[in-house]
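Beneath this line is the structure, given in structure tokens, with notes to follow.
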Amino acid sequence: MLDFLKGPLLNLQIFVGLTLRALANIFRAPHYWNDISLQMDLIGVGSVPLVLLTGLFTGAVITLQMSRALNQYGAASQVGQIVSITLVRELGPVLTAILVAGRNSSGMASELGSMKVTEQIDAMRALGTDPVQKLVTPRLIATAVMLPLLVIVSDFMGLVGGYIVGCVVLNLTTGTQFWTTAYRALDYSDVAQGLLKPFVFAMVLSLVGCHYGMNASGGTQGVGRATTQAVVVSCVWIIVLTYFIGTFFIDLN
Amino acid sequence: MASTSLVRFDRVTVRFDNNVALANLTWDLREGDTCVILGAAGSGKTVLLKTALGLIHPDEGSVALFGQDTRGVAESAMRELRARIGILFQEGGLFDSLTVEDNVGYPLENQKSLLCPPDQVRPRVEEALRFVELGHTLEKFPSELSGGMRRRVGIARAIVTQPKLLLYDSPTAGLDPITANNIMTLVAKERDIRGTTTALATHRFQDGHLLANYRYNASKGKLEPGETGTRFLVLNDGQIAFEGSQDELEASRDAYVSKFAKPLKD
Ligand SMILES: Nc1ncnc2c1ncn2[C@@H]1O[C@H](COP(=O)(O)OP(=O)(O)O)[C@@H](O)[C@H]1O
Ligand SMILES: [Mg+2]
């Protein structure tokens with residue numbers, strides 16, 4: 001009767017096993033520094049143009065859509081506050097994480113999946129390396145370090161986008177007022193929330209990508225399936241988790 | 001003096017979901033043996049070799065390597081045991097991101113128990129590549145090589161650690177007959193020059209026939225007819241359908257088994 005639950009539960013069990021091993025490996029030699037820096041470059045530096053562009057337009061679009069409502073209440077001067085709170089708490093982390101999931105979670109699943117189906121993962125184990133240590137842990141570390149940094153870049157670009165639309169295009173308020181309200185609106189818990197989220201999302205999207213890659217089977221078709229699943233599952237988790245992390249911070253206040 | 005057992009399967013069963021890949025299989029591979037594992041696609045040859053190496057864990061039964069029961073042995077300790085075994089994977093298993101030199105040197109640099117000094121890596125890699133007649137390809141990437149060359153790099157990587165035991169998974173699959181013959185000559189050469197215990201999975205009778213009836217003469221640099229005491233194992237759906245010498249194989253009346261006792265048309 002509960003047969004339909006067996007597949008997902010088994011999958012979850014394998015995923016938890018991988019997570020524990022990947023985390024334990026952070027504190028265990030050998031560390032593959034080359035792989036870590038290569039992944040940092042790929043995930044961090046490689047995503048910068050994308051994050052600059054999407055960050056800029058996210059801030060621009062929030063300002064644009066908010067302008068009418070703010071005008072109605074005569075609160076147009078508060079636009080900096082709105083943009084900075086929505087970006088730092090929510091949209092910066094979530095949108096950046098979803099972009100990086102689309103770019104890197106899928107990349108990890110397809111790269112590790114191809115390695116799995118061409119027996120390169122077996123070869124690693126046969127030739128004296130732990131594939132989790134060599135492949136998963138470096139990707140986990142690199143994403144956990146780079147995603148919060150990318151989010152900072154994205155948040156800043158969003159504010160720049162908000163400033164351009166709010167102060168230059170629509171003339172809602174002055175530049176000084178925009179930046180002052182944006183800065184004053186944030187307290188420590190907003191910044192903590194805004195950096196904790198990408199850290200958690202980074203762990204989820206790298207581990208999910210690696211998990212589907214390491215468990216790919218059935219040739220090239222299996223690699224394609226693993227890639228799709230990795231992106232879908234990471235995005236769903238990101239959206240679910242942002243809610244729960246948000247609740248946690250609201251309870252805290 | 002009775003030779004020691006290198007791999008011993010005791011009633012091993014391996015399942016994938018509801019699919020039984022190896023069923024209650026008992027097998028013994030002793031030092032100095034040549035064992036040819038024949039079977040159709042999907043009969044369990046790859047699973048058998050990976051289980052021998054501890055890459056797949058049996059659901060039932062036990063596997064002993066070099067006389068040591070591997071049940072409950074931690075993965076880190078298994079890696080030490082595997083350092084004494086060379087394997088050529090069916091799909092080659094070469095790392096696409098590494099050059100031929102780094103691929104062949106990989107076990108020397110990563111298998112800590114081999115204690116290979118760093119300055120010895122390059123000479124040993126070159127020696128292994130010369131053995132497979134690919135001395136000039138060090139800087140190339142696997143994707144730049146032909147199928148036959150990739151297999152030869154795979155063999156070089158398997159023998160570079162000078163293991164006592166070599167496992168070859170379908171080394172001739174997907175190759176033309178001439179290239180396949182060259183690969184099989186290398187397998188026999190390694191066996192007869194270094195006396196390596198050899199287990200070879202294949203679906204081609206010709207491969208087994210060559211290993212069973214020819215020996216490599218190092219001074220002449222070619223194969224010549226000779227006794228090898230090769231044993232044959234025929235797998236059918238994860239079960240042993242036949243085990244014995246070539247004469248017994250050829251005498252078998254079983255319809256499935258006798259398919260592997262005569263040359264196939266490639
Ligand atoms: N990772 C796996 N997941 C599920 N089934 C597998 C896996 N590996 C092998 N099998 C199944 O085990 C059986 C034996 O496969 P294999 O040993 O690869 O055959 P072959 O003799 O062609 O090498 C096949 O039915 C195959 O589908
Ligand atoms: Mg096979």
Side-chain angles (χ1 to χ4, degrees), chain A residues 3-4 6-11 13-14 17-18 20-22 24-25 28-32 34-35 37-39 41-42 107-108 110-136 138-139 213-220 222-223, chain B residues 16-19 46-47 49-57 74-98 102-116 142-143 150 153-154 157-158 160-161 163 165-167 169-170:
Chain A
D3 253 14
F4 69 98
K6 226 174 95 184
L9 281 179
L10 202 65
N11 200 10
Q13 185 192 350
I14 297 173
L18 178 74
L20 294 179
R21 278 198 290 155
N25 280 342
R28 208 179 309 170
H31 289 102
Y32 297 101
N34 286 344
D35 295 275
S37 67
L38 188 82
Q39 290 301 323
D41 185 47
L42 206 72
M108 291 174 202
S110 65
E111 188 183 359
L112 270 52
S114 318
M115 292 183 77
K116 174 74 194 310
V117 301
T118 55
E119 296 183 314
Q120 292 178 52
I121 304 237
D122 284 319
M124 281 192 174
R125 294 175 65 199
L127 302 177
T129 34
D130 172 4
V132 176
Q133 180 78 280
K134 173 94 180 151
L135 299 172
V136 181
R139 284 168 174 74
M214 297 274 281
N215 293 293
S217 64
T220 40
V223 177
Chain B
F16 293 102
D17 301 326
N18 298 320
N19 174 5
T46 299
V47 173
L49 294 182
K50 286 189 184 169
T51 308
L53 209 55
L55 298 176
I56 296 174
H57 297 288
E75 176 75 10
S76 54
M78 277 308 293
R79 282 201 288 273
E80 309 263 304
L81 277 177
R82 290 186 200 124
R84 296 152 71 183
I85 307 174
I87 183 163
L88 173 70
F89 287 98
Q90 179 166 0
E91 307 285 344
L94 297 179
F95 303 120
D96 323 299
S97 56
L98 301 182
D102 292 340
N103 261 291
V104 177
Y106 194 93
L108 296 177
E109 282 170 352
N110 287 283
Q111 263 159 353
K112 293 290 165 264
S113 58
L114 292 173
L115 301 171
C116 180
S143 56
R150 278 205 290 273
V153 174
R157 188 173 70 177
V160 74
T161 58
L165 166 62
L166 268 165
L167 310 174
D169 190 2
S170 310

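All figures in this text were calculated on a predicted structure; none of them were measured in a lab. Sequence lines set the chain letters: A, B, ... in the order given, protein chains first and strands last, and positions in each chain run from 1.
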statement: Checked A/Asp130, A/Leu127, A/Leu10 vs chain B; the most non-hydrogen pairs under 4.5 Å come from A/Leu127
field: Intermediate values then yes/no, side chain to side chain contact (heavy atoms under 4.5 Å, CB included), B/Thr46 and A/Glu119
entry: CA-CA 11 Å; B/Thr46 299; A/Glu119 296 183 314; 4.0 Å; yes
field: Heavy-atom proximity to chain A below 4.5 Å, by part of B/Lys112
entry: neither
message: Would B/Glu91 and A/Asp122 count as a side chain to side chain contact (heavy atoms under 4.5 Å, CB included) here? Give the steps.
response: CA-CA 11 Å; B/Glu91 307 285 344; A/Asp122 284 319; over 6 Å; no
message: Need one label for B/Leu108: side chain, backbone, both or neither, based on atoms under 4.5 Å from any heavy atom in chain A.
response: neither
- prompt: At their closest point, which heavy atom of B/Leu55 faces which heavy atom of A/Ala126, and how far apart are they?
  reply: CD2-N, 4.2 Å
message: Only pairs of heavy atoms separated by less than 4.5 Å count here; which of B/Glu80, B/Glu109, B/Arg157 has the most with chain A?
response: B/Arg157
- request: Tell me, with the steps shown, if A/Arg125 and B/Glu75 meet side chain to side chain contact (heavy atoms under 4.5 Å, CB included).
  value: CA-CA 9 Å; A/Arg125 294 175 65 199; B/Glu75 176 75 10; 3.2 Å; yes
- request: Let me see the working for B/Asp96 and A/Gln120 under side chain to side chain contact (heavy atoms under 4.5 Å, CB included), right down to the final yes or no.
  value: CA-CA 9 Å; B/Asp96 323 299; A/Gln120 292 178 52; 2.9 Å; yes
- prompt: Is it the case that more than 12 heavy atoms not belonging to B/Asp17 sit under 6.0 Å from its CG atom?
  reply: no
query: Looking at CD of A/Gln133 and OG of B/Ser76, how far apart are the two atoms once the value is rounded to the nearest 0.5 Å?
result: 12.0 Å
- request: For each of B/Gly54, B/Gly93, B/Ser113, tally heavy-atom pairs with chain A at distances under 4.5 Å, and name the one with the top tally.
  value: B/Gly93
query: Among B/Gly92, B/Ala158, B/Pro107, which has the most heavy-atom pairs under 4.5 Å with chain A?
result: B/Pro107
field: Part of B/Leu53 lying under 4.5 Å from any heavy atom of chain A
entry: side chain
statement: Heavy atoms of B/Phe89 and A/Ala123 approach each other most closely as CE1-CA, 3.4 Å
